[in-house]
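Beneath this line is the structure, given in structure tokens, with notes to follow.
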Amino acid sequence: MAFALIQAASRPLLAAADAGETAASATPADADRAAAALRRDYERWSRWALGVVGFVVAAGGGFVAAGLAATIAALGGATAVDVIATVIAGAIALAGAALLVALWRSGRALTRGASSWLRAPYASDQRAPRATGWVQARTVNLEPRILVRLITATLALLVAVGGIALVVRDLGAGPSTMTVPALLVGVCGALSGIGQIGGVMRIVNGLSARDPLWSRLTGSAR
């Protein structure tokens, strides 16, 4: 079976969530099945692995392309091989970035839909928050498919900190051939980390509807 960013079975569930039909017509059992299906789609190991590949390709290709371009500019000349290598590395980086954007957009749709279905029984008062919901909203981060995304998001943010730190250092000491490559890697790491954490937080937000304490606090805020 060919890989799909969003599986065919998930599309009707997303359409129903977008149309606001989750709380209006679904039973709690239907909502649970829909949320579980969308979470399975989003949390596939193949999606995570493809994201890791996309990040390595985008960050690595961008680093090489920017490094070669900066070196060529510093030397004041380039051979045909240098230009070809820079173009190829740039094309690889763009392909990796396009893959990451596609994963982010599809992941955002899946996690928003899952969050909507998770909240549906509570929004329609068909189910009341319970003490076990407080636990579920917190232990979800320890589930393997969620935990591994939090780990890679943290690593991506550490890469971002390292890259941005090099840029800040160069701004004080003077730009070098590593300034732009480090900036590109830092930006790629920051966006990748934020994107992964955002997906996890949308799932946690949906599960928080089961938490009586959180429901009480948000109800008071409204």
Side-chain angles (χ1 to χ4, degrees), residues 4-7 9-10 12-14 16-18 20-23 26-55 100 103-161 189-222:
L5 292 173
I6 298 177
Q7 295 177 336
S10 298
L13 303 175
L14 294 177
D18 290 340
E21 298 173 3
T22 52
T27 65
D30 291 335
D32 289 344
R33 284 192 292 269
L38 292 176
R39 282 195 59 186
R40 280 195 304 271
D41 195 352
Y42 170 72
E43 295 170 21
R44 283 176 288 159
W45 287 113
S46 55
R47 282 182 57 90
W48 172 80
L50 199 59
V52 172
V53 171
F55 174 77
L100 290 177
L103 286 168
W104 169 70
R105 292 184 63 184
S106 58
R108 181 180 61 174
L110 289 169
T111 51
R112 281 183 173 177
S115 180
S116 178
W117 282 107
L118 286 168
R119 293 193 304 269
Y122 303 92
S124 60
D125 294 325
Q126 298 182 69
R127 183 182 288 165
R130 298 186 178 183
T132 54
W134 185 91
V135 178
Q136 292 171 341
R138 286 151 182 82
T139 57
V140 65
N141 292 323
L142 299 178
E143 294 178 9
R145 295 171 187 266
I146 296 295
L147 181 59
V148 73
R149 283 167 168 80
L150 291 175
I151 291 173
T152 50
T154 302
L155 293 175
L157 292 175
L158 288 175
V159 170
V161 170
L191 294 178
S192 296
I194 293 170
Q196 289 183 87
I197 290 176
V200 172
M201 290 305 297
R202 280 187 286 273
I203 292 175
V204 173
N205 182 53
L207 289 170
S208 67
R210 303 179 179 184
D211 178 4
L213 177 60
W214 181 250
S215 297
R216 190 175 301 114
L217 290 173
T218 54
S220 299
R222 286 194 295 271

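Model, not experiment: these values are computed from the prediction.
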Begin from the C-alpha positions of I197 and M201 and carry the test side chain to side chain contact (heavy atoms under 4.5 Å, CB included) through to its verdict.
-> CA-CA 6 Å; I197 290 176; M201 290 305 297; 4.0 Å; yes

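- Within 6.0 Å of CZ on R130 lie no more than 12 heavy atoms contributed by other residues, nucleotides or ligands.
- For A160 against G189, the heavy-atom pair with the smallest separation is CB-C, 3.8 Å.
- Side-chain N or O atoms of R138 include none that pairs as donor or acceptor with a backbone N or O of V135 at under 3.5 Å.
- Taking every heavy atom of both residues into account, S192 and L100 meet most closely at OG-CD1, 3.9 Å.
- We find the CG-CG distance between L118 and L207 to be 5.0 Å, quoted to the nearest 0.5 Å.
- Not counting sequence neighbours, R108 has no partner by the side chain to side chain donor-acceptor pair (under 3.5 Å) test.
- Counting only N and O atoms by type, the side chains of D30 and T27 include a donor and acceptor under 3.5 Å apart.
- Considering all non-hydrogen atoms of both residues, G193 and A156 come closest at N-CB, 3.8 Å.
- Residues R44 and I6 approach most closely at NH2-N, 4.2 Å, considering heavy atoms.
- Nearest heavy atom pair, residue G113 against residue A17, reads CA-CB, 4.1 Å.
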Should L147 and I151 be marked as a side chain to side chain contact (heavy atoms under 4.5 Å, CB included) after you check the CA-CA gap, both sets of side-chain angles, and the distance that decides it?
-> CA-CA 6 Å; L147 181 59; I151 291 173; 4.1 Å; yes

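- The two residues A37 and L13 make their nearest non-hydrogen contact at CB-CD1, 3.9 Å.
- Here W48 contributes atom CH2 and Q196 contributes atom CD; the two are 9.0 Å apart, rounded to the nearest 0.5 Å.
- Between L191 and W104 the shortest side-chain heavy-atom distance does not fall below 4.5 Å.
- Looking at D41, its side chain does come within 3.5 Å of a backbone N or O of Q7 through a donor-acceptor pair.
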Test log, rule side chain to side chain contact (heavy atoms under 4.5 Å, CB included), inputs V148 and W45 | CA-CA 10 Å; V148 73; W45 287 113; 3.4 Å; yes

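- Judged by distance alone, the side chain of T111 and the main-chain N or O of I203 form no donor-acceptor pair under 3.5 Å.
- Residues meeting the salt bridge (Lys or Arg N to Asp or Glu O under 4.0 Å) test with R210, sequence neighbours left out: none.
- In this structure, the side chains of S10 and L38 come closer than 4.5 Å at one or more pairs of heavy atoms.
- With sequence neighbours left out, the side chain to side chain donor-acceptor pair (under 3.5 Å) criterion links R112 to no other residue.
- Inspection of the S106 and R47 side chains reveals an N or O donor paired with an N or O acceptor under 3.5 Å.
- Taking a cutoff of 4.0 Å between a charged side-chain nitrogen and a carboxylate oxygen, E143 and R149 do not qualify as a salt bridge.
- Here the CG atom belonging to D18 is positioned 6.5 Å from the CG atom belonging to L14, to the nearest 0.5 angstrom.
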Can you list the steps and then say if E43 with L110 is a side chain to side chain contact (heavy atoms under 4.5 Å, CB included)?
-> CA-CA 10 Å; E43 295 170 21; L110 289 169; over 6 Å; no

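- Taking CH2 of W134 as the start and OG1 of T139 as the end, the distance is 9.5 Å to the nearest 0.5 Å.
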